Amino acid sequence: MGRVRRRQLWILLTFLILVALVAATLQGGLGRPKGIRAVDMPELVADVERHEVAAITIQGPSITAELKDGTKISTIGPEQPDYYIGWFTQNGVVPRYERSQGAWLEVAGLVAPTVMLGLVMALLFRQMQVGNNRAINFGRSRPRLAMERSRKVTFADVAGCEEAKEELKEIVLFLKDPHRFGRLGGRIPKGVLLMGSPGSGKTLLARAVAGEADVPFFSISGSEFIEMFVGVGASRVRDLFEQARRRSPCIVFIDEIDAIGRHRGGHAATGTDERDQTLNQLLVEMDGFEPTDALVLIAATNRPDVLDPALLRPGRFDRRVIVPAPDVRGRQEILRVHGRKVALAPEVDLERLARSTPGFSGADLANVVNEAALLAARAEKPTVTQADLETAKDKVAMGAERRSLVVSPEERRRTAFHEAGHAVVARLVPDCDPVDKITIVPRGFALGLTQPLPRERHAESAAYRLGMLALLMGGRAAEEEVYGERWSGAEADLRNATRLARHMVCVSGMSDALGPVAWGTPLEDATGRSRFEAEYSSATAERIDAEVRRLLDEAHAQARELLREHRGLLDAVATALLDRETLDSAAFEAIVRDHLAPSGA
Ligand code: ADP
Ligand code: ZN
């Protein structure tokens with residue numbers, strides 16, 4: 001009888017979906033106008049600037065814009081969305097965020113109510129169907145089973161995180177021979193939590209563990225558990241483990257575990273119930289592991305701070321491995337790993353490249369090598385040169401050059417002074433990183449750019465950060481000094497300076513007025529330095545504001561003073577920029593030497 005019911009159910013559901021589809025088509029909801037045209041970022045930017053864009057939707061890395069004439073264009077967004085989102089907003093288009101995949105959403109909007117109705121009925125049927133809880137199959141998770149038949153990923157493919165690899169070696173041992181491992185008295189590993197910012201190589205590491213142990217690798221993303229219908233997440237979890245147990249020894253990798261593993265019951269709205277059920281099921285499964293299961297769960301997150309403590313208890317994700325952002329040596333090794341896959345010219349200096357890419361993740365660096373190889377291929381060069389790598393680096397960091405952007409001579413001159421202001425202040429303030437490059441070639445959303453070449457440091461002194469503040473103020477100070485006017489081009493500088501100053505006061509205890517107090521806890525994510533949870537009274541808030549203001553005022557005054565004093569140098573650098581567009585560190589130093597030598601500085 002269960003069988004018959006089930007068939008009826010499917011017929012009913014199929015019928016309902018068909019009705020919905022027909023209705024949707026009649027409404028024209030499916031006929032999107034000629035689909036979405038793929039464009040590159042500069043084109044999207046140009047459209048926004050021409051005020052031709054009616055709406056922007058951001059979905060993960062993809063940005064879709066609806067133009068006022070009804071056509072849609074789409075592009076893959078840049079690495080630092082913050083900046084661009086602000087820019088969109090300033091230009092009159094407030095972007096909208098969306099979770100799931102684009103084209104489906106419109107259809108889903110129409111079909112979902114119908115399916116919901118169907119689902120409710122299905123659940124009713126299920127209630128009647130005692131003992132047979134396989135009635136609906138929506139819950140089947142489809143973890144991608146990567147057997148890595150072609151080319152296994154191994155630890156050799158992962159560079160720059162030796163400690164993490166070291167910690168994971170035990171898991172490999174266990175998976176290779178679970179019984180022996182148990183007999184030797186090793187504690188059976190169950191769950192490993194990889195913590196690190198996006199692109200730091202967490203997925204790569206998990207795959208490498210599977211590759212080293214030569215076991216199957218199941219992977220699924222936390223968000224996939226909860227994006228469908230209510231009640232499905234939990235059954236997906238059950239299903240996933242059922243499949244995995246059959247293939248053990250194996251690894252189950254859950255990316256973005258924070259999507260299901262957030263503190264339970266914290267936030268009132270937005271499907272908390274669903275998440276709770278999914279999380280509970282995950283905990284049940286983990287507690288039900290038999291030693292013979294030889295199944296290791298590896299999860300990844302960049303927000304360990306939001307995870308439910310229940311997940312971290314002994315017997316669950318009790319091994320936590322930090323996958324750090326690579327330091328200069330790590331970056332060099334990552335570049336070497338990826339450089340092996342392309343033909344590098346003999347003169348290529350990966351060490352220099354590593355030094356000039358602070359803050360780049362492993363994924364960014366892989367991207368740099370890729371882009372450089374593409375550039376070389378396009379120019380039909382036999383090998384990838386240092387210049388290709390430098391160009392690719394700038395592209396990954398800032399978006400592609402936009403030489404086609406029409407910049408009026410007046411605007412170009414202004415940009416030259418703005419950038420020269422940054423560079424000159426950076427050069428004159430003690431404790432500042434040397435200038436690596438200055439350019440007024442528009443790139444991404446910026447009209448120009450001054451790039452420091454940071455020395456690798458694990459801790460930053462207050463003096464260094466005060467220097468940073470002055471450097472950031474250098475652009476605006478030059479505008480005021482030269483033109484007596486202020487432009488919007490300095491907005492990003494001001495934002496960054498304000499964030500840094502606030503961080504110095506509230507997190508680093510670098511202000512006498514506020515004392516050595518942590519007025520906030522930094523949030524451990526990719527943007528650790530700029531975001532923190534405030535922990536102070538409103539009385540203190542006012543003092544913090546005043547202190548931030550003081551730091552910024554002083555940095556601004558310092559920049560103004562330096563530029564006034566060295567106006568000749570400022571003019572010379574700006575003139576050189578107008579002439580040559582880009583100055584490297586040597587060219588910049590030459591100008592500085594000419595100007596500072598006579599005065600004996
Ligand atoms: P995450 O899962 O932490 O977001 P991924 O593992 O998906 O990052 O990394 C994306 C890509 O970046 C990898 O496939 C690899 O090409 C490159 N990558 C990231 N980290 C490293 C690393 N430490 N060594 C070598 N390549 C790396
Ligand atoms: Zn600037």
Side-chain angles (χ1 to χ4, degrees), residues 60-61 79 83 146 151 153-165 168 193-209 211 217 219 221-222 253-258 298-303 321-327 329-342 354 360-370 396 398 414-426 438-440 443 445-452 468 470-479 486-497 525-526 559:
E79 285 293 309
Y83 186 96
R151 205 188 75 85
V153 177
T154 66
F155 280 149
D157 297 302
V158 193
C161 38
E162 294 312 313
E163 287 97 343
K165 281 198 259 182
L168 291 169
L193 185 63
L194 300 179
M195 310 186 297
S197 46
S200 56
K202 300 182 292 296
T203 312
L204 192 67
L205 264 172
R207 292 162 73 97
V209 173
F217 179 76
S219 95
S221 164
F253 177 67
I254 305 184
D255 203 1
E256 299 175 52
I257 185 129
D258 41 287
I298 301 184
T301 182
N302 59 340
R303 294 296 309 274
V321 176
I322 295 175
V323 187
D327 62 5
R329 267 198 31 229
R331 292 199 298 273
Q332 195 180 334
E333 278 161 34
I334 295 172
L335 284 169
R336 201 173 304 131
V337 164
H338 290 277
R340 256 187 248 133
K341 298 171 199 160
V342 302
F360 277 50
S361 68
D364 293 335
L365 295 169
N367 219 342
V368 168
V369 176
N370 252 336
V396 169
M398 311 286 306
R414 215 159 66 211
T415 307
F417 274 103
H418 178 104
E419 298 307 329
H422 283 306
V424 169
V425 172
I438 324 165
T439 176
I440 54 168
R443 188 180 273 293
F445 289 87
L447 286 176
L449 165 78
T450 303
Q451 218 171 30
M468 280 295 288
L471 181 163
L472 286 165
M473 290 294 173
R476 166 55 58 84
E479 292 170 3
R486 297 166 181 152
W487 278 278
S488 58
E491 283 165 8
D493 294 335
L494 296 184
R495 201 160 47 236
N496 290 333
D525 65 1

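This is a predicted model, so every value here is computed, not measured. Each ligand, and each atom within it, is numbered from 1 in the order the structure gives.
- Annotation: atom 27 (C) of ligand 1 to nearest protein heavy atom, Leu204 CD2, 3.5 Å.
- Nearest protein heavy-atom neighbour of atom 4 (O) of ligand 1: Gly199 N, 2.8 Å.
- In terms of protein heavy-atom proximity, atom 18 (N) of ligand 1 is nearest to Gly362 C, 3.6 Å.
- The protein heavy atom nearest to atom 26 (N) of ligand 1 is His338 NE2, 2.8 Å.
- Taking the side chain as every heavy atom from C-beta outward, Phe360 and Asn367 never approach each other to under 4.5 Å.
- Using a 4.0 angstrom heavy-atom cutoff, Gly196 does not count as in contact with ligand 1.
- For the atom pair Leu335 CG and Arg340 CZ, the distance stands at 11.5 Å (nearest 0.5 Å).
- By the 4.0 Å N-to-carboxylate-O rule, Glu333 lies too far from Arg336 to be salt-bridged with it.
- Under the 4.0 angstrom criterion for non-hydrogen atoms, Glu333 is not in contact with ligand 1.
- In this structure, OG1 in Thr154 is found 12.0 Å from CZ in Arg207, a value given to the nearest 0.5 Å.
- A distance-only check finds a donor-acceptor pair linking the side chain of Thr450 to the backbone of Glu419 [under 3.5 Å].
- Here's the thing with Lys202: one of its N/O atoms is less than 3.5 angstrom from an N/O atom of ligand 1.
- Atom CG of Leu494 sits in a crowded spot, with more than 12 heavy atoms from other residues, nucleotides or ligands closer than 6.0 Å.
- Proximity of Gly160 to ligand 1 is not established, as no heavy-atom distance is less than 4.0 Å.
- Set against the non-hydrogen atoms of Pro198, the atoms of ligand 1 under 4.0 Å away are 4 (O).
- When Thr203, Leu335, Val369 are ranked by how near their heavy atoms come to atom 7 (O) of ligand 1, first place goes to Thr203.
- In summary, Glu419 places no N/O/S atom under 2.8 Å from the Zn ion (ligand 2), failing the contact criterion.
- A side-chain contact (heavy atoms from CB on, under 4.5 Å) with Val323 holds for exactly one of Asn302, Leu194, Thr203; it is Leu194.
- When heavy-atom distances to ligand 1 are checked against a 4.0 Å cut-off, Asp157 comes that close only through its backbone atoms N, CA, C and O.
- In this structure, Leu365 does not count as a contact residue of ligand 1, since none of its heavy atoms falls inside 4.0 Å of the ligand.
- Atom OG1 in Thr415 sits 7.0 Å away from atom CD1 in Ile440 (nearest 0.5 Å).
- Among the heteroatoms counted here (N, O or S) of Asp493, OD2 is the one nearest to the Zn ion (ligand 2).
- Taking a 4.0 Å cut-off on heavy atoms, Ile334 registers as neighbouring ligand 1.
- The CD1 atom of Ile322 sits 12.0 Å away from the SG atom of Cys161 when rounded to the nearest 0.5 Å.
- The structure places CE of Met468 at 8.0 Å from CG of Asn496, a figure rounded to the nearest 0.5 Å.
- For atom 10 (C) of ligand 1, the candidate residues are Ser361, Ala363, Ala366; the nearest heavy-atom contact is made by Ala363.
- Rounded to the nearest 0.5 Å, atoms CE (Met473) and CG (Asp493) are 8.5 Å apart.
- Of all protein heavy atoms, the one lying nearest to atom 5 (P) of ligand 1 is Gly201 CA, 3.8 Å.
- Interface of Val158 with ligand 1, defined as ligand atoms under 4.0 Å from a residue heavy atom, comprises 23 (N), 24 (N).
- In this structure, Ala159 has a heavy atom closer than 4.0 Å to ligand 1.
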Evaluate the criterion side chain to side chain contact (heavy atoms under 4.5 Å, CB included) for residue pair Lys341 and Val369; output intermediate values, then yes/no. CA-CA 9 Å; Lys341 298 171 199 160; Val369 176; over 6 Å; no
